[in-house]
Amino acid sequence: NVRAAEALLPLYNDEEKWSRLPGLYDIVLTATDDVDEQIRILHKIAEITGGPLANKAGALNYAKRAYQLRPDDEGLRQLQDWSRQSGEWSAFIEVVTNRLQSDELEADRVRELKLMLAEVYAGEVEKTDEAVAMYRSLLEADPADEETARALEELLRAADRRDDLRWLFELKVGQASGEEKSRILEEWATVEEEVFGEPQNAVELLQRVVDEDPQRLSALGALTRLSLASDDYAAAVTTLKAQRDAASGEERGALETPV
C-alpha cells in the first residue's frame, strides 16, 4: 500500500536498492492527484532508471509522461536530455509535434519549438527533408528571421540542396536593398559559378546587380571575366567599357589599355 511504499522509499534509497525503487514510486504516483507531485515523482523515477539502472530509454518514457502532464520548459529540457542520452528521438519529435498543434501557443513559442524540432531533424535523426520544411515554414511566416535563415543556409549548403538554396537566396534578396542586396546577389552568383558550376546563372544574377547599380565595379568585373570565359567578346567589351566609365584614378587607367 501507499504508506508502506512511502516508508520503504528512504530506506531503499539509503541502501541503494535501485531496482526496487521505481515500483515503489509508481505506487505513490498512482495515489496522488497533485500534478506537481506527479511530475516530481516521474522525474525521480527517470533519474533512477536512467542513472543507476542504466535504462536510458526507460528514463525517456518517464520524462515524456512528465512533459505531457505539463509541457513547460523544464519538462522539455529533461525530455531533450534523455533523448540525447538514449539516442532515441521519436518521443521528443512526437510530443513537440503534438504541442505545436495547440492554439494556445504564442508566436515566439511556436518559433522556438519549430527551431528545436528542425535541429533534431537535421542533426540527430538525419531527416533533411523534414528539417528544411520546418525552417522554410518559419521563414515563410517571418522572412526577416536572420537566425533561421543562417541555420537553413548552413544545412542546405552541407546537403547540396540547390533549388532550396536558390529559394533562400531569393528570399534574402527580397528582404534587402541597396548595398546589401547587391552583396547577396554577388554571393549567390559566386555560388552558382564556383559551387554549382552554372556560370550562365551567375551572369544573370550579376546583371541584376548592374541593372540597379550600373557603376558597381565588382559586378562589372565579374561579368567581364565570365563573358571572356564563354567567348562572348561583345558582352565583355560592353562591360569592360562600363567598368572604365565607373572607375577613377589608377583603376580607370588600368582599364584604358584593354579597352
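All of these numbers come straight from a predicted model, not from anything done at the bench. Here, residue 1 is the first one in the sequence, and each next residue gets the next number.
- In this structure, Arg111 pairs ionically with Glu147, as a charged nitrogen and a carboxylate oxygen lie closer than 4.0 Å.
- In this structure, the side chain to side chain donor-acceptor pair (under 3.5 Å) partners of Arg109, at least two apart in sequence or on a different chain, are Asp73, Glu112.
- A 4.5 Å side-chain heavy-atom check between Asp163 and Trp167 finds every atom pair outside the cut-off.
- Glu140 CD: more than 12 foreign heavy atoms inside a 6.0 Å radius.
- By the 4.0 Å N-to-carboxylate-O rule, Arg157 lies close enough to Glu187 to be salt-bridged with it.
- Comment: Lys172 does not engage Glu180 in a salt bridge, judged by the lack of any side-chain N to carboxylate O separation of less than 4.0 angstrom.
- Applying the side chain to side chain donor-acceptor pair (under 3.5 Å) criterion to Arg225, with sequence neighbours excluded, gives Glu193.
- Within the 4.5 Å cutoff, no side-chain heavy atoms of Leu168 are placed close to those of Asp164.
- In this structure, Arg136 CZ and Leu138 CG are separated by 12.5 Å, a value rounded to the nearest 0.5 Å.
- Scanning both residues, Thr128 and Ala159, for their nearest heavy atoms gives CG2-CB, 4.2 Å.
- Counting only distance, with no hydrogens or angles, the side chain of Gln101 and the backbone of Thr97 share a donor-acceptor pair below 3.5 Å.
- Neither Val209 nor Leu226 shares a network with the other; the hydrophobic side chains, linked directly or stepwise wherever heavy atoms of I, L, V, M, F, W or Y lie under 4.5 Å apart, form separate groups for each.
- The salt bridge (Lys or Arg N to Asp or Glu O under 4.0 Å) test applied to Glu130 returns no partner, not counting sequence neighbours.
- Contact detail for Ala46 and Ala59: the closest heavy-atom pair is O-CB, 3.3 Å.
- Remark: Leu205 CG to Thr190 OG1 distance equals 9.5 Å, nearest 0.5 Å.
- The nearest pair of heavy atoms linking Leu53 to Pro22 is CD1-CG, 3.9 Å.
- Applying the ring pair (Phe, Tyr, Trp, His ring centres under 6.0 Å) rule to pairs touching residues 176-205 yields Phe169-Trp188, sequence neighbours excluded.
- Taking CG of Leu206 as the start and CD of Glu204 as the end, the distance is 10.5 Å to the nearest 0.5 Å.
- Linking ILVMFWY residues whenever their side-chain heavy atoms come closer than 4.5 Å, directly or via other members, leaves Leu240 and Val210 in distinct clusters.
- Connection of Leu185 to Leu217 is not established within any shared hydrophobic cluster, with ILVMFWY side chains joined at heavy-atom distances below 4.5 Å, either directly or through further cluster members.
- Legend: side-chain hydrogen bond (donor to acceptor under 3.5 Å, both in side chains) pairs involving residues 38-49, not counting sequence neighbours, sorted by first then second residue: Glu37-Arg40.
- For the atom pair CG of Leu21 and CD1 of Ile48, the computed distance is 4.5 Å after rounding to the nearest 0.5 Å.
- Using modelled atom types, no side-chain atom of Asp81 and backbone atom of Arg77 make a donor-acceptor pair closer than 3.5 Å.
- With rounding to the nearest 0.5 Å, the separation of OG1 in Thr224 from NZ in Lys241 is 12.0 Å.
- Leu228 belongs to a hydrophobic cluster with Tyr233, counting contacts under 4.5 Å between side-chain heavy atoms of Ile, Leu, Val, Met, Phe, Trp and Tyr, direct or through other members.
- In this structure, Gln85 places its CD atom where more than 12 heavy-atom neighbours from other residues, nucleotides or ligands lie under 6.0 Å away.
- The list of ring pair (Phe, Tyr, Trp, His ring centres under 6.0 Å) pairs with a residue in residues 130-152, not counting sequence neighbours, is empty.
- With sequence neighbours left out, Asp129 forms a side chain to side chain donor-acceptor pair (under 3.5 Å) with Arg161.
- In terms of heavy atoms, Ile27 sits closest to Thr30 at O-OG1, 2.9 Å.
- The hydrophobic cluster containing Val237 does not contain Val203, counting ILVMFWY residues as joined when their side-chain heavy atoms lie under 4.5 angstrom apart, directly or transitively.
- No donor-acceptor pair closer than 3.5 Å links the side chain of Glu16 to the backbone N or O of Trp18.
- Taking the salt bridge (Lys or Arg N to Asp or Glu O under 4.0 Å) definition, one finds that Glu94 meets it with Lys64, sequence neighbours left out.
- Using a 4.0 Å cut-off between a side-chain N of Lys or Arg and a carboxylate O of Asp or Glu, Arg208 and Glu170 qualify as a salt bridge.
- Scanning all heavy atoms of the two residues, the minimum distance from Ala189 to Ala202 falls at O-CB, 3.4 Å.
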Quiz prompt | Residue pair Arg70, Asp36: steps toward the side chain to side chain contact (heavy atoms under 4.5 Å, CB included) verdict | solution = CA-CA 9 Å; Arg70 180 183 295 131; Asp36 288 338; 2.7 Å; yes
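- Put simply, the side chain of Thr239 gets close to the backbone of Ala236: a donor and an acceptor are under 3.5 Å apart.
- Shown here for Val28 and Ala5, the closest heavy-atom pair between the two residues is CG2-CB, 4.1 Å.
- Residue Leu60 is found in a hydrophobic cluster whose other members, listed by chain and number, are Tyr67, Leu76, Leu79, Trp82, Trp89, Phe92, Ile93, Val95, Val96, Leu100, Leu105, Val110, Leu113, Met116, Leu117, Val120, Tyr121, Val125, Met134; membership requires side-chain heavy atoms under 4.5 Å apart, directly or through intermediates.
- With sequence neighbours excluded, the residues that form a salt bridge (Lys or Arg N to Asp or Glu O under 4.0 Å) with Glu186 are Arg216.
- When the salt bridge (Lys or Arg N to Asp or Glu O under 4.0 Å) test is applied to Lys181, the partners found at least two apart in sequence or on another chain are Glu212.
- Leu223 has its side chain out of reach of Thr238: every pair of non-hydrogen atoms, C-beta onward, lies at least 4.5 Å apart.
- Inter-residue side-chain proximity for Leu42 and Leu69 is flagged as met; some heavy-atom pair is nearer than 4.5 Å.
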